[in-house]
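Structure, as structure tokens:
Atoms within a ligand are numbered from 1 in the order they appear, just like the ligands themselves.
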Amino acid sequence: MIRSVVRGFGAALPKRVMTNQELESVVDTTDEWIVQRTGIRQRYIASDDETTASLGEQAARAALANAGLTPDDIDLVLVATSTPDNTFPATAVNIQNRLGMTHGYAFDMQAVCTGFVYAVATADMHIRGGMAKRALVIGAETFSRILDWKDRTTCVLFGDGAGAIILEAQEGEGTIADRGVLTSHLRSDGAHKDKLYVDGGPSSTGTVGHLRMEGREVFKHAVGMITDVIEAAFTATGTTADDLDWLVPHQANRRIIDGSAKKLGIPTEKVVVTVDLHGNTSAASIPLALSVAASDGRIKKGDLVMLEAMGGGFTWGALLLRW
Ligand code: ACO
């Protein structure tokens with residue numbers, strides 16, 4: 001059977017780092033409060049000349065170089081983002097154009113922080129359905145542009161960045177020993193849509209709006225939702241936490257990551273954590289974390305890797321792949 005195998009990875013961060021200490025002069029907060037509640041120590045903030053598309057392009061070029069491929073080798077560009085450069089066209093076609101591609105097809109996927117899991121699952125279906133041979137899957141965000149910088153309960157949590165992977169159709173045996181995406185489990189429940197949202201949009205206010213969140217409500221649901229979909233992925237593949245080499249979670253908050261890993265019996269040494277360095281970069285957080293851990297040699301070819309995320313909607317999902 002056809003499997004969607006990771007052929008390359010890459011990442012991009014804005015030039016400017018913003019530390020917790022710097023935030024102390026923006027809102028009434030302290031480094032101690034932020035570290036204790038979230039684990040975040042710094043985040044990257046896009047300058048005027050950096051956008052979701054420019055960061056996404058940079059990550060895409062890094063992934064192509066890592067794979068030893070050129071834009072000519074790609075058929076599908078899929079971008080997970082909630083902070084597009086324009087309402088339309090899609091940031092994916094913007095990046096397609098930046099890469100000089102006039103062939104193939106490109107579209108955006110909007111599932112907030114779960115966007116990258118949704119996008120990899122979608123690209124996998126396109127590859128296994130025979131529509132694309134190679135997909136460039138990008139998570140790219142500039143959440144700094146939708147933050148209310150007067151609201152200390154949200155502005156300290158998020159950052160900007162982009163990450164990308166290239167998925168390639170390869171023949172597998174149909175067993176869990178295959179490399180590539182082995183199973184995906186996506187969920188959403190719009191009953192929670194007002195707990196984490198942006199208070200603007202083209203069809204409602206005609207403005208871009210700002211991010212609003214009931215932090216405690218999000219926290220209350222996060223661990224249960226995340227562990228449910230991870231357990232579904234284990235059941236579907238007949239694997240357990242012991243078989244996992246790496247858990248690469250969405251990087252929202254250290255306490256949510258630790259709580260989920262503990263509930264699943266996954267030791268902290270097997271969990272990739274970058275929230276301290278990047279903050280919450282929404283759909284970019286998983287490909288950024290994958291890129292860090294694959295670059296430093298932690299994630300190796302043949303490793304069993306679980307991706308998971310939960311975010312606005314609520315949306316949530318898990319995806320098991322062999323690297
Ligand atoms: N600095 C200092 N004090 C603050 C700050 C801040 N930045 N923000 C809030 N406070 C204060 C509050 O005003 C409150 O003060 P009070 O007791 O005098 O009223 C106190 O700290 C406690 O506030 P809570 O909101 O109860 O703090 P909590 O312990 O719940 O932590 C947090 C807040 C970190 C947002 C937590 O609820 C959380 O982690 N929620 C999950 C949300 C999340 O991670 N969202 C990311 C996006 S969703 C996703 O990606 C999954």
Exercise for review: Show your reasoning for whether side-chain contact (heavy atoms from CB on, under 4.5 Å) applies to Thr122 and His126.
Suggested key: CA-CA 6 Å; Thr122 303; His126 282 240; 3.9 Å; yes
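Through side-chain heavy atoms spaced under 4.5 Å, either directly or across other Ile, Leu, Val, Met, Phe, Trp or Tyr residues, Met101 is tied to Leu64, Leu69, Ile74, Val77, Val79, Ile95, Leu99, Leu136, Ile138, Ile166.
For ligand 1, the 4.0 Å heavy-atom shell takes in Asp28, Thr29, Trp33, Arg37, Thr38, Cys113, Arg152, Thr153, Val156, Phe158, Leu196, Met213, Gly215, Arg216, Val218, Phe219, His250, Ala252, Asn253, Arg255, Ile256, Asn280, Met310, ordered by chain and residue number.
Using a 4.0 Å cut-off between a side-chain N of Lys or Arg and a carboxylate O of Asp or Glu, Arg212 and Asp148 qualify as a salt bridge.
Taking the six-membered ring where tryptophan is involved, the planes of His192 and Phe314 are essentially parallel, since the angle between them stays under 30° and well short of 60°.
With sequence neighbours excluded, no residue forms a side chain to side chain donor-acceptor pair (under 3.5 Å) with Gln251. For Glu22, the side chain to side chain donor-acceptor pair (under 3.5 Å) partners are Arg16, not counting sequence neighbours.
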